[in-house]
Amino acid sequence: MKEYLMISACLLGVDCKYNGGNNKLPDGILEKLAEKYSLLPVCPECYGGLTTPRLPSERVGDRVLSSDGTDVTAQYRKGASAALLLKELTGARLALLKENSPSCGKSRIYDGTFSLTLTEGDGVCAEALMKNGVTVYGESEAEMLL
Ligand code: SF4
């Protein structure tokens, strides 16, 4: 039986990105990942009830704000909880998540100024998964999973 790999849905080509697009990985990498793992698509922002397209959001301390100042922290937390539930249901221990995202980013995220400036930090969902024992990789590290 293949091991589960949680993967940001936008990396699979699902048009769930805030602007209605995606961040699809090259076909060759996706095929190799699918050969080795059972892929579990996750989009925490969709799971949290946010629509697509939507305004971009960034973490500001413990909160997440959209570019118009709307507080979407509750939706981000709800999405992270849903991803955690998926992890509990499947026993997944690995995740490949979109870098820099306020939900999925690991180690570096945008700094809350909406100026494309990165700072140290994790997205809300990535942080929750890592706190609960999931090893998270960013898409630039995908080859490490093969
Ligand atoms: Fe991709 Fe994650 Fe953003 Fe969803 S929340 S669009 S999976 S980066």
Side-chain angles (χ1 to χ4, degrees), residues 3-27 29-34 36-90 92-145:
E3 180 166 11
Y4 284 113
L5 174 66
M6 302 176 76
I7 181 167
S8 292
C10 60
L11 294 178
L12 287 171
V14 178
D15 290 333
C16 53
K17 194 174 164 180
Y18 75 92
N19 61 6
N22 64 68
N23 301 299
K24 190 170 183 281
L25 289 169
D27 287 339
I29 290 179
L30 284 178
E31 282 166 17
K32 286 181 190 165
L33 287 170
K36 185 168 178 183
Y37 300 98
S38 288
L39 302 180
L40 291 172
V42 291
C43 179
E45 291 171 28
C46 298
Y47 289 174
L50 295 169
T51 55
T52 306
R54 54 190 172 275
L55 290 174
S57 300
E58 297 190 2
R59 285 195 84 164
V60 182
D62 285 337
R63 298 194 300 159
V64 185
L65 303 180
S66 292
S67 56
D68 68 351
T70 303
D71 190 324
V72 288
T73 309
Q75 290 93 327
Y76 273 66
R77 288 187 180 154
K78 181 180 172 190
S81 295
L84 274 180
L85 177 60
L86 186 62
K87 177 250 182 214
E88 293 300 329
L89 289 170
T90 61
R93 298 176 305 163
L94 298 170
L96 176 61
L97 301 182
K98 177 70 187 79
E99 292 164 355
N100 306 333
S101 153
S103 290
C104 293
K106 183 198 74 169
S107 303
R108 288 197 312 169
I109 53 174
Y110 291 112
D111 70 352
T113 62
F114 295 93
S115 60
L116 299 179
T117 306
L118 290 167
T119 187
E120 284 185 15
D122 300 308
V124 176
C125 181
E127 181 180 87
L129 290 174
M130 288 190 286
K131 277 185 181 165
N132 284 275
V134 176
T135 303
V136 173
Y137 295 80
E139 75 271 21
S140 66
E141 302 170 316
E143 299 272 359
M144 294 168 68
L145 284 159

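Start at 1 and go down the list; that is how both ligands and their atoms are numbered.
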Enquirer: Is atom 4 (Fe) of ligand 1 less than 2.8 Å from at least one N/O/S atom of Cys10?
Expert: no
Enquirer: Under 3.5 Å, side chain of Tyr37 to main-chain N/O of Leu145, donor-acceptor pair present?
Expert: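 Yes; at least one donor-acceptor contact below 3.5 Å.
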Enquirer: Is Val42 near ligand 1, meaning one of its heavy atoms is under 4.0 Å from it?
Expert: yes
Enquirer: Quick one: nearest non-hydrogen protein atom to atom 4 (Fe) of ligand 1, plus distance?
Expert: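 Going by distance alone, atom 4 (Fe) of ligand 1 is nearest to Cys43 SG, 2.4 Å.
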Enquirer: Would Asp68 and Ser66 satisfy side-chain hydrogen bond (donor to acceptor under 3.5 Å, both in side chains), going step by step from the backbone distance to the final call?
Expert: CA-CA 5 Å; Asp68 68 351; Ser66 292; 4.5 Å; no
Enquirer: Where the side chain of Glu58 meets the backbone of Phe114, is there a donor-acceptor pair that is under 3.5 Å apart?
Expert: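 Checked: pair present.
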Enquirer: For ligand 1, note which part of Ala9 has a heavy atom under 4.0 Å away: side chain, backbone, both or neither.
Expert: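 Backbone only.
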Enquirer: Considering only heavy atoms, which of Lys98, Arg54, Glu99, Glu45 lies nearest to atom 8 (S) of ligand 1?
Expert: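 Going through Lys98, Arg54, Glu99, Glu45 one by one, Lys98 has the nearest heavy atom to atom 8 (S) of ligand 1.
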Enquirer: Could you tell me whether a side-chain N or O of Ser103 sits under 3.5 Å from a main-chain N or O of Val124, the two making a donor and an acceptor?
Expert: no
Enquirer: So does Met130 get a backbone contact from the side chain of Lys106, meaning a donor-acceptor N/O pair under 3.5 Å?
Expert: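 Not confirmed, Lys106 side chain does not pair with Met130 backbone.
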Enquirer: Give a yes or no on whether the backbone of Glu99 and the side-chain of Glu139 come within a donor-acceptor separation of less than 3.5 Å.
Expert: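 Such a contact is found between Glu139 side chain and Glu99 backbone.
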Enquirer: Against heavy atoms of Lys17, which atoms of ligand 1 measure under 4.0 Å?
Expert: 6 (S)
Enquirer: Looking at Lys24, I want to see if its NZ is surrounded by more than 12 non-hydrogen atoms of other residues, nucleotides or ligands under 6.0 Å.
Expert: yes
Enquirer: Of all the atoms in ligand 1, which lie at a distance below 4.0 Å from a heavy atom belonging to Pro44?
Expert: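 Near Pro44, the atoms of ligand 1 are 2 (Fe), 5 (S).
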Enquirer: Taking backbone and side chain together, does Cys16 place any N/O/S atom at a distance below 2.8 Å from atom 1 (Fe) of ligand 1?
Expert: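 Here the distance criterion (N, O or S atom, under 2.8 Å) is not met by Cys16, so no.
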Enquirer: Looking only at protein heavy atoms, which one is nearest to atom 2 (Fe) of ligand 1, and how far off is it?
Expert: Cys104 SG, 2.3 Å
